[in-house]
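Below, chain A is the first sequence line, B the second, and so on; all start at residue 1.
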Amino acid sequence: MLQVAFIRENKETVIKGLEKRNLSNANELVSKTIAADEDRRAIQTELDAVLAESNKLSKDIGMLFKSGERQKAELLKEKTVQLKEQSKVLTDNLQNKANELQELLYIIPNIPNKIVPNGKGEDDNLTVFEEGEIPTLHEGALPHWELAKKYDIIDFELGNKITGAGFPVYKGKGARLQRALINYFLDKNTAAGYDEVQVPHLVNEASGIATGQLPDKEGQMYHDAQDNLFLIPTAEVPVTNIFRDVILKEDEFPICKTAYTPCFRREAGSYGAHVRGLNRLHQFDKVEIVRVEHPSKSYEALDGMAEHVKGILQELKMPYRILRLCGGDLGFTASLTYDFELFSTAQDRWLEVSSVSNFENFQANRLKLRFKNSNGKSELAHTLNGSSLALPRVLAGLLENCQTPEGIKIPEVLVPYCGFDIIN
RNA sequence: GGAGAAUUGGCAGAGUGGUCGAAUGCGGCAGUCUUGAAAACUGUUGAGGGUCACACCUCCGGGGGUUCGAAUCCCUCAUUCUCCGCCA
């Protein structure tokens, strides 16, 4: 959520930013917001004056009662009736206006960074880096879902029976490989200074609002209506919410957290051939990194996170590329995002395995995550997060890229974690 | 799941209807003293809105109510603790 004061003072910048996201009604949206804010403040001022008057009268009444001047007190009491009426009306107006403003603020996405390329969708993303050799597969190489079946390491049908589509069962070496990847990622992250946390997999409404999943994207989350809790779509939600309503000291920066969690996504409306196998699931594992930074350091931190993810993909010896997302493809809360895509050779396509973003103070504003700056004033912090990494697609790429006629050769760094070097 | 108690500023803890945004202690910050530090002393020290700055307004777990007036009374929800039940 953008700060109202920021919108008020940077109207043109905000409109331009929203237009970069191809919002057709940017001007209207911003103008409405500024108008609502003005109205809200006008009503607030009016209400404050009435309340001040009413507070003063109440104090006087108290004094009169104390000094035994009942009659005078009763007279004053009558005067308060009218003020009460007024304040009630004004409070209602204020509430309505505040709600109207809040709703507008909720639907305004973050302003893209200057270097975000223009564009409508994924075709307009900018490839900023590419590395790794695409392996030449042997005759009869298979896509990962066939390999999963061949070696009996992932059972999609069994998942269908137990739960439904998109909930695979990992078996034997498949399960072990998955666990190895999780441990490997966590170890890499902690070695880089990220503090490991284990967090709840269900979150309340306030948490969902603070990180921006609610109120508008609730259809993407599984919801337990009985307790009004949501299954997390990413560890970003519980981990970032550690810092909700927190005021940090400046010397606490940088804050670096990592967490492994399963992620649950309804993925409503995305079915078809491209979601086959592990490409898109309702439940998947992910290791996440989250940072809270001083505003002046957040882009440096973003680069650091990207370098870190790069390091992992290099060690796995996977062919990958890094994209800078264009305005049209940028997530609601992000100012700048780098997507990491791993090449899945047997499918001949790129798979997104990580997304690293700087949210600047957009999330912090909803979180009320602040720090005391050098002037002793409260200022919003910057939040960032990234995947390091999303498991299923790494697994998919690994199975496909590392397949040989003898079996699937486990990348060297993973062997100590797996306890085997080939799946056959 | 049942019964009872509690929830106050960074922490501890007073405050049961009127001048309480809230005593006191600790902690933090600044100053005096000191070569420096400690101790002692003095001052200061919550958040948000609003204003050029003041004034002023809101917030004592969340929400609602009673009252001219609520941290204080009532309702409700959440959380914590104790006892009982159940349980990995």
Asker: Return yes if some donor-acceptor pair links the side-chain N/O of A/R265 with the main-chain N/O of A/P233 below 3.5 Å, else return no.
Answerer: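 Between the backbone of A/P233 and the side chain of A/R265 there is a qualifying donor-acceptor contact (under 3.5 Å).
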
Asker: Could you please spell out the steps behind the side-chain hydrogen bond (donor to acceptor under 3.5 Å, both in side chains) verdict for A/S298 and A/N358?
Answerer: CA-CA 7 Å; A/S298 66; A/N358 187 355; 3.0 Å; yes

Asker: Name the pairs: protein N/O against N/O of nucleotides 66-71 of chain B, kept only if under 3.5 Å.
Answerer:
{"from": "B/rC68", "atom 1": "O4'", "to": "A/T80", "atom 2": "OG1", "distance (Å)": "3.3"}
{"from": "B/rC68", "atom 1": "O2'", "to": "A/S58", "atom 2": "OG", "distance (Å)": "3.1"}
{"from": "B/rG69", "atom 1": "O4'", "to": "A/S58", "atom 2": "OG", "distance (Å)": "3.2"}

Asker: Mind checking the C1' distance from B/rA38 to B/rC33? Whole angstroms is fine.
Answerer: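 About 12 Å, rounded to a whole number of Å.
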
Asker: 5'-most contact on RNA chain B: A/I247 or A/T45, nearest heavy atom basis?
Answerer: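 Checking each residue's closest nucleotide, the 5'-ward one belongs to A/I247.
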
Asker: Going by purine N1 to pyrimidine N3 plus the second Watson-Crick contact, or the G-U wobble pair, all under 3.5 Å, which nucleotide sits opposite B/rG85?
Answerer: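 Across any shown strand, B/rG85 pairs with none.
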
Asker: So among A/N118, A/D124, A/T337, which one has a side chain to side chain contact (heavy atoms under 4.5 Å, CB included) with A/C326?
Answerer: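 Answer after filtering A/N118, A/D124, A/T337: A/D124.
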
Asker: Checking A/F156 now: which residues fulfil ring-ring contact (aromatic ring centres under 6.0 Å, His included) with it, not counting sequence neighbours?
Answerer: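 Testing A/F156 for ring-ring contact (aromatic ring centres under 6.0 Å, His included), a comparison that skips the adjacent residues, returns none.
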
Asker: Only counting residues at least two apart or in another chain, list the ones meeting side-chain hydrogen bond (donor to acceptor under 3.5 Å, both in side chains) with A/N204.
Answerer: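 Scan of A/N204 (side-chain hydrogen bond (donor to acceptor under 3.5 Å, both in side chains), adjacent residues dropped) gives A/S207.
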
Asker: Apply side-chain hydrogen bond (donor to acceptor under 3.5 Å, both in side chains) to A/D245 and list each qualifying residue two or more places apart in sequence or on a separate chain.
Answerer: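 Applying side-chain hydrogen bond (donor to acceptor under 3.5 Å, both in side chains) to A/D245 gives none.
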
Asker: Give me, pair by pair, the N or O atoms of the protein and of nucleotides 15-17 of chain B that are less than 3.5 Å apart, along with how far apart they are.
Answerer:
none

Asker: Has A/Q283 got a side-chain atom pairing as donor or acceptor with A/F264's backbone, closer than 3.5 angstrom?
Answerer: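 Absent.
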
Asker: Take nucleotides 52-62 of chain B nucleotide by nucleotide from the 5' end and write B, S or -, depending on whether a protein heavy atom sits under 4.0 Å from the base, only from the sugar-phosphate, or from neither.
Answerer: ----SSS----

Asker: Please tabulate, one pair per line, each protein N/O and nucleotide N/O from nucleotides 26-29 of chain B that are separated by under 3.5 Å, including the distance.
Answerer:
none

Asker: If pairing requires Watson-Crick or G-U wobble contacts with both distances under 3.5 Å, which nucleotide is the partner of B/rG43?
Answerer: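 For B/rG43, the partner nucleotide comes out as B/rC29, under the 3.5 Å rule.
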
Asker: Among A/L181, A/T258, A/N183, which one satisfies side chain to side chain contact (heavy atoms under 4.5 Å, CB included) with A/V287?
Answerer: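 The option that passes is A/T258.
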
Asker: Using the test ring-ring contact (aromatic ring centres under 6.0 Å, His included), find all partners of A/Y194 that sit at least two apart in sequence or belong to another chain.
Answerer: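 Applying ring-ring contact (aromatic ring centres under 6.0 Å, His included) to A/Y194 gives A/H308.
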
Asker: Determine the interatomic distance between C1' on B/rU45 and the same-named atom on B/rG63; round to the nearest Å.
Answerer: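 My reading of the C1' atoms in B/rU45 and B/rG63 gives 31 Å.
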
Asker: I'd like the P distance from B/rG36 over to B/rG49, given in whole Å.
Answerer: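 To the nearest whole Å, 42 Å.
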
Asker: Reckon A/R370 has a side-chain N or O less than 4.0 Å from the OP1 or OP2 of B/rG48?
Answerer: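 Yes.
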
Asker: For B/rC68, which nucleotide is its Watson-Crick or G-U wobble mate, given both distances must be under 3.5 Å?
Answerer: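 B/rG18 is the nucleotide pairing with B/rC68.
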
Asker: With a 3.5 Å limit on both atom pairs, tell me what B/rA23 is paired to, counting Watson-Crick and G-U wobble, or say none.
Answerer: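 In the structure as shown, B/rA23 has no Watson-Crick or wobble partner.
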
Asker: Quick one: list whatever passes ring-ring contact (aromatic ring centres under 6.0 Å, His included) with A/F332, sequence neighbours left out.
Answerer: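 With neighbours one apart ignored, the set is A/F362.
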
Asker: Suppose you measure atom C1' in B/rU82 against the same atom in B/rA30; what distance do you get, rounded to whole Å?
Answerer: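 My reading of the C1' atoms in B/rU82 and B/rA30 gives 45 Å.
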
Asker: For B/rA38, which nucleotide in any strand shown is its Watson-Crick or wobble partner with both distances under 3.5 Å?
Answerer: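 For B/rA38, the partner nucleotide comes out as none, under the 3.5 Å rule.
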
Asker: So which nucleotide does B/rA5 pair with, by the Watson-Crick or G-U wobble rule with both distances under 3.5 Å?
Answerer: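 Pairing partner: B/rU80.
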
Asker: Using a strict threshold of under 4.0 Å (side-chain N to carboxylate O), is an ion pair present between A/R370 and A/E379?
Answerer: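 No, A/E379 and A/R370 are not salt-bridged.
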
Asker: Which nucleotide, if any, forms a Watson-Crick or G-U wobble pair with B/rA55, using both distances under 3.5 Å?
Answerer: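 The answer is none; no pair meets the criterion.
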
Asker: Are A/D152 and A/K171 within salt-bridge range, i.e. N to O under 4.0 Å?
Answerer: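 Salt bridge present between A/D152 and A/K171.
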
Asker: Please list, chain by chain and in numerical order, all residues satisfying ring-ring contact (aromatic ring centres under 6.0 Å, His included) with A/Y338, sequence neighbours excluded.
Answerer: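 With sequence neighbours excluded, A/Y338 shows a ring-ring contact (aromatic ring centres under 6.0 Å, His included) to no residue whatsoever.
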
Asker: Find out whether the Lys NZ or Arg CZ of A/K173 is both under 6.0 angstrom from the six-membered ring centre of A/Y151 and within 45° of the ring's axis.
Answerer: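 Judged by the rule (NZ or CZ under 6.0 Å from the ring centre, within 45° of its axis), A/K173 is not positioned above A/Y151.
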
Asker: For RNA chain B, what residues of residues 203-210 of chain A have any heavy atom nearer than 4.0 Å?
Answerer: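 Here the set is empty: none.
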
Asker: Which residue pairs pass the ring-ring contact (aromatic ring centres under 6.0 Å, His included) test with at least one member in residues 368-393 of chain A, sequence neighbours excluded?
Answerer: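 Those involving residues 368-393 of chain A are A/F253-A/F371, A/H294-A/F371.
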
Asker: Short question: side chain of A/E252, backbone of A/K249 - any donor-acceptor pair under 3.5 Å?
Answerer: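 At least one qualifying donor-acceptor pair exists.
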
